A.B. asks: 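My questions all concern the structure below.
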Amino acid sequence: DTAVSQTPKYLVTQMGNDKSIKCEQNLGHDTMYWYKQDSKKFLKIMFSYNNKELIINETVPNRFSPKSPDKAHLNLHINSLELGDSAVYFCASSQENGGFSGANVLTFGAGSRLTVL
Amino acid sequence: ILNVEQSPQSLHVQEGDSTSFTCSFPSSNFYALHWYRWETAKSPEALFVMTLNGDEKKKGRISATLNTKEGYSYLYIKGSQPEDSATYLCAFMPGLGYNFNKFYFGSGTKLNVKP
């Protein structure tokens, strides 16, 4: 019973296409995130939602649009895919802990490897 | 952009060796530091949450220390075992002026323990 599940795990597509990656968590967490693992293996935050409200929106191209229909789901839609979008994208979630967010450990999904040809 | 650096990038040790690696972060605006363990083909999993200067945390053979004044945390593994082979990530959360829940990750230290 996976806590944070992402689909698809692998996605190979052509430049210019539009694709989505879905994420669901069954932990009852309030906050969900999308991270991108860059070419140097760093995990970089893209977006974060808290109870369906966008709270972190990093400098990413506006071709990337997150959507959170409810607090258990955070999907990532990418328009007009480019070669440079090839990466592994990780979804994560965390639970607010009495206002001290520093203690909110992240629970990650298994990652979605996107390859743009 | 905040720099979080981990060293070394990779480490090869023999089973039974003890080892340590470092996470460096900006000391001027500390809020929290997390350590994660990331096995190949799996998701990163939380090891430690560190919030106070001088914190020491321990889980089995793995322990971590925190020095917020000088901006570093050490992760120690005593008597390494092959199952300890993984990438160890640290994630820094700054305080004032930054969004809560925004973690800055290091690139990790990849540990390989040979039997």
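A quick note: this is a predicted structure, and the numbers were derived from the prediction, not measured. In the text below, chain A, chain B and the rest are named by the order of the sequence lines, each starting its count at 1.
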A.B. asks: With rounding to the nearest 0.5 angstrom, report the CD to CZ distance, Q6(B) to F42(A).
C.D. replies: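 Reported to 0.5 Å precision, the distance equals 8.0 Å.
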A.B. asks: Around atom CD of Q9(B), are there more than 12 heavy atoms of other residues, nucleotides or ligands at under 6.0 Å?
C.D. replies: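 No - once you tally the heavy atoms of other residues, nucleotides and ligands closer than 6.0 Å, there are 12 at most.
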A.B. asks: Answer yes or no: are there more than 12 heavy-atom neighbours, outside K36(A) itself, under 6.0 Å from its atom NZ?
C.D. replies: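 For K36(A), atom NZ is crowded (more than 12 foreign heavy atoms under 6.0 Å).
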A.B. asks: Does atom CD of E45(B) have more than 12 heavy-atom neighbours, drawn from other residues, nucleotides or ligands, at distances under 6.0 Å?
C.D. replies: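 Open.
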A.B. asks: Does the side chain of L43(A) reach to within under 4.5 Å of the side chain of W38(B), using non-hydrogen atoms?
C.D. replies: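 The answer is yes, as the side chains (C-beta and beyond) meet within the 4.5 Å cut-off.
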A.B. asks: Which heavy-atom pair separates K102(B) from I45(A) by the least distance, and what is that distance?
C.D. replies: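 Minimum heavy-atom separation between K102(B) and I45(A): CE-CG2, 3.9 Å.
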A.B. asks: Looking only at the aromatic ring of each residue, does the gap between the centers of Y35(A) and F105(B) stay below 6.0 angstrom?
C.D. replies: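 Between Y35(A) and F105(B), which both carry aromatic rings, the centre distance is below 6.0 Å.
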A.B. asks: Under 6.0 Å from the CD atom of E53(A), do we count more than 12 heavy atoms belonging to anything else shown?
C.D. replies: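 Not more than 12 within 6.0 Å, no.
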A.B. asks: Sub-3.5 Å donor-acceptor pair from the side chain of S43(B) to the main-chain atoms of G109(A), do we have one?
C.D. replies: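 Pair found, side chain donor or acceptor close to backbone of G109(A).
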A.B. asks: If you draw a 6.0 Å radius around NZ in K44(A), do more than 12 non-hydrogen atoms from other residues or ligands fall strictly inside?
C.D. replies: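 Count not over threshold, so no.
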